[in-house]
Q: 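Sharing a structure below in structure tokens format, with a few things to ask.
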Amino acid sequence: MRIAVYPGSFDPIHNGHLDIIQRCRPIFDQVVVAVLRNDEKRPLFSVRSRLELIAELLADYDDCRVEAFSGLLVDFVSEVEATVVVRGLRAVSDFEYEVQMALMNRRLNEQVETVFMAAAEEYSYVSSRLVKDVFFLGGDLKGVVPDPVLKRLAAYRERETG
Ligand code: PNS
């Protein structure tokens with residue numbers, strides 16, 4: 001059984017992330033989307049909301065599931081009996097940080113291999129940070145994030161503005 005872990009903050013998940021998940025599905029038997037527990041970083045969405053959203057988005061795929069993790073990524077990878085970490089690469093600027101992480105993870109556990117996947121061109125500029133910037137400045141995110149995320153963003157705005 002080939003199990004891949006696709007880790008990240010996913011605050012929020014966007015169409016670039018979903019594209020990478022879809023690209024993983026024909027290659028691996030199971031894809032575990034792993035959400036870092038980082039609520040102390042004052043995220044837009046709580047880990048619980050992110051897990052709910054991602055579970056909703058993956059509901060039709062038996063080969064995909066979502067879990068939260070804390071501590072070392074390589075420990076989580078072993079826990080779920082995976083051997084591969086998948087990371088999306090958008091631009092050359094991602095490369096340096098990603099290779100540093102991959103090499104550190106290999107040092108921590110040499111059984112864990114990192115696989116990089118090129119993001120779809122149409123989402124190659126999309127990041128959760130930009131999504132948040134555009135959201136807080138009132139811009140339109142249709143086509144950038146999936147509809148359930150748009151709905152949650154609208155609900156967030158509603159709550160904040162009363
Ligand atoms: O989507 P992000 O925020 O770029 O994801 C970063 C993530 C979650 C993959 C990374 O921060 C991570 O793996 N954190 C877990 C802690 C860890 O294992 N650190 C050492 C590896 S370099």
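Note that this is a predicted model, so its numbers are computed, not measured. We count ligands from 1, going down the list as the structure has it; atoms in each ligand are counted the same way.
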Q: Would you list the pairs meeting ring-ring contact (aromatic ring centres under 6.0 Å, His included) in which at least one residue belongs to residues 83-130, sequence neighbours left out?
A: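 Non-adjacent pairs meeting ring-ring contact (aromatic ring centres under 6.0 Å, His included): zero.
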
Q: Rounded to the nearest 0.5 Å, how far apart are OG of S78 and CG of L73?
A: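 It is 9.5 Å, given to the nearest 0.5 Å.
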
Q: Any chance you could measure M101, atom CE, to E98, atom CD, to the nearest 0.5 Å?
A: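 Atom-to-atom, M101:CE and E98:CD are 4.0 Å apart.
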
Q: Considering only N or O atoms, set out every pair between ligand 1 and the protein closer than 3.5 Å, with distances to one decimal place.
A:
residue: ligand 1; atom: 1 (O); partner: S9; partner atom: N; Å: 3.1
residue: ligand 1; atom: 3 (O); partner: S9; partner atom: OG; Å: 2.7
residue: ligand 1; atom: 4 (O); partner: R87; partner atom: NH2; Å: 3.0
residue: ligand 1; atom: 5 (O); partner: R87; partner atom: NH1; Å: 3.3
residue: ligand 1; atom: 18 (O); partner: L73; partner atom: N; Å: 2.8

Q: Could you go through residues 42-56 and list every donor-acceptor pair under 3.5 Å that involves a side-chain atom there, pairing it with any protein atom two or more places apart or in another chain?
A:
residue: S46; atom: OG; partner: S49; partner atom: N; Å: 3.1
residue: S46; atom: OG; partner: S49; partner atom: OG; Å: 3.1
residue: R50; atom: NE; partner: F45; partner atom: O; Å: 2.9
residue: R50; atom: NH1; partner: S9; partner atom: O; Å: 2.6
residue: R50; atom: NH1; partner: N38; partner atom: OD1; Å: 3.2
residue: R50; atom: NH2; partner: N38; partner atom: OD1; Å: 3.1
residue: R50; atom: NH2; partner: F45; partner atom: O; Å: 3.1
residue: E52; atom: OE1; partner: R152; partner atom: NH1; Å: 3.4
residue: E52; atom: OE1; partner: R152; partner atom: NH2; Å: 3.2

Q: Establish whether M117 and I13 are linked, either directly or via other cluster members, by ILVMFWY side-chain heavy-atom contacts under 4.5 Å.
A: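 Shared cluster, yes.
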
Q: Would you give me the side-chain donor-acceptor pairs under 3.5 Å for residues 17-25, sequence neighbours excluded?
A:
residue: H17; atom: ND1; partner: H14; partner atom: N; Å: 3.1
residue: D19; atom: OD1; partner: R23; partner atom: NE; Å: 3.2
residue: D19; atom: OD1; partner: R23; partner atom: NH2; Å: 3.1
residue: D19; atom: OD2; partner: R23; partner atom: NE; Å: 2.9
residue: D19; atom: OD2; partner: A120; partner atom: N; Å: 3.0
residue: Q22; atom: OE1; partner: R25; partner atom: NH1; Å: 3.1
residue: Q22; atom: NE2; partner: Y61; partner atom: OH; Å: 2.7
residue: R25; atom: NE; partner: D63; partner atom: OD1; Å: 3.1
residue: R25; atom: NE; partner: D63; partner atom: OD2; Å: 3.0
residue: R25; atom: NH2; partner: D63; partner atom: OD1; Å: 3.4

